[in-house]
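One structure is given here, and the rest of the page talks about it.
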Amino acid sequence: MVRIEAIIRPSRLDEVKAALDDMGIHGISVLEIKGAGKQKGYTQHYRGSEYQVNLLPKVQIIVVVPDSAQDRVVEAIEGSARTGEIGDGKIFVTPVSEAVRIRTGERGDPAIS
């Protein structure tokens, strides 16, 4: 099993969810986060003062899938999240040694399906 974490633009969340849904991947976690990267942020004016905003809103998607689905899931996220502009995000893949479904006690791949 692998854990796939994707940090993407909030505006692309619906497209990524739809792509994962089409693949039969329904168990996802979504977090609203802030981050900094090559985008460098932007300058905002508020009541006559100038503020540098360098942490931009992003969305983090976490999904755990069998090893056999890794490449397909990464490609689906990459394709549906890409705009071609700086700030599209990143995808991280890490191994998962065990998963347990608390309700039934199932372990391994059956616990994530």
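Quick caveat: nothing in here was measured; it's all calculated off a predicted structure.
- Atom CZ of Arg12 is separated from atom CD1 of Ile77 by 13.0 Å, given to the nearest 0.5 angstrom.
- Taking hydrophobic clusters as Ile, Leu, Val, Met, Phe, Trp and Tyr residues chained together by side-chain heavy-atom distances below 4.5 Å, Val63 shares a cluster with Val93.
- Side-chain contacts under 4.5 Å among hydrophobic residues (ILVMFWY), followed directly or transitively, place Ile62 together with Ile7, Leu31, Ile33, Phe92.
- With hydrogens and angles left out, the side-chain atoms of Glu85 and Thr83 include no donor and acceptor closer than 3.5 Å.
- More than 12 heavy-atom neighbours from other residues, nucleotides or ligands sit within 6.0 angstrom of CD on Glu98.
- In terms of hydrophobic clustering, with Ile, Leu, Val, Met, Phe, Trp and Tyr side chains grouped at heavy-atom distances under 4.5 Å, Ile112 and Val2 are assigned to different clusters.
- Closest approach of Ser80 to Ala76, counting heavy atoms only: OG-O, 2.7 Å.
- Taking 4.5 Å as the limit, every side-chain heavy atom of Ile61 sits out of range of all side-chain heavy atoms of Ile4.
- Side-chain heavy atoms closer than 4.5 Å link hydrophobic residues (I, L, V, M, F, W, Y) into clusters, and following such links, even through other members, never connects Val30 to Val64.
- Note: Met1 CE to Gln70 CD = 13.0 Å, rounded to the nearest 0.5 Å.
- Ala111 and Ala99 get closest at one heavy-atom pair: CB-O, 3.7 Å.
- Atom CD in Gln60 sits 5.0 Å away from atom CD in Glu5 (nearest 0.5 Å).
- A distance-only check finds no donor-acceptor pair linking the side chain of Glu106 to the backbone of Val100 [under 3.5 Å].
- Connection of Val65 to Ile28 is established within a shared hydrophobic cluster, with ILVMFWY side chains joined at heavy-atom distances below 4.5 Å, either directly or through further cluster members.
- Annotation for Pro57 and Pro10: closest pair O-CD, 3.5 Å, computed over non-hydrogen atoms.
- Between Lys58 and Ile8 there is no side-chain heavy-atom pair separated by less than 4.5 Å.
- By the rule that hydrophobic residues join a cluster once side-chain heavy atoms approach within less than 4.5 Å of another member, Val73 and Leu13 end up as members of one cluster.
- Between Ile91 and Ala6, the shortest heavy-atom distance links the atoms CG1-CB, 4.1 Å.
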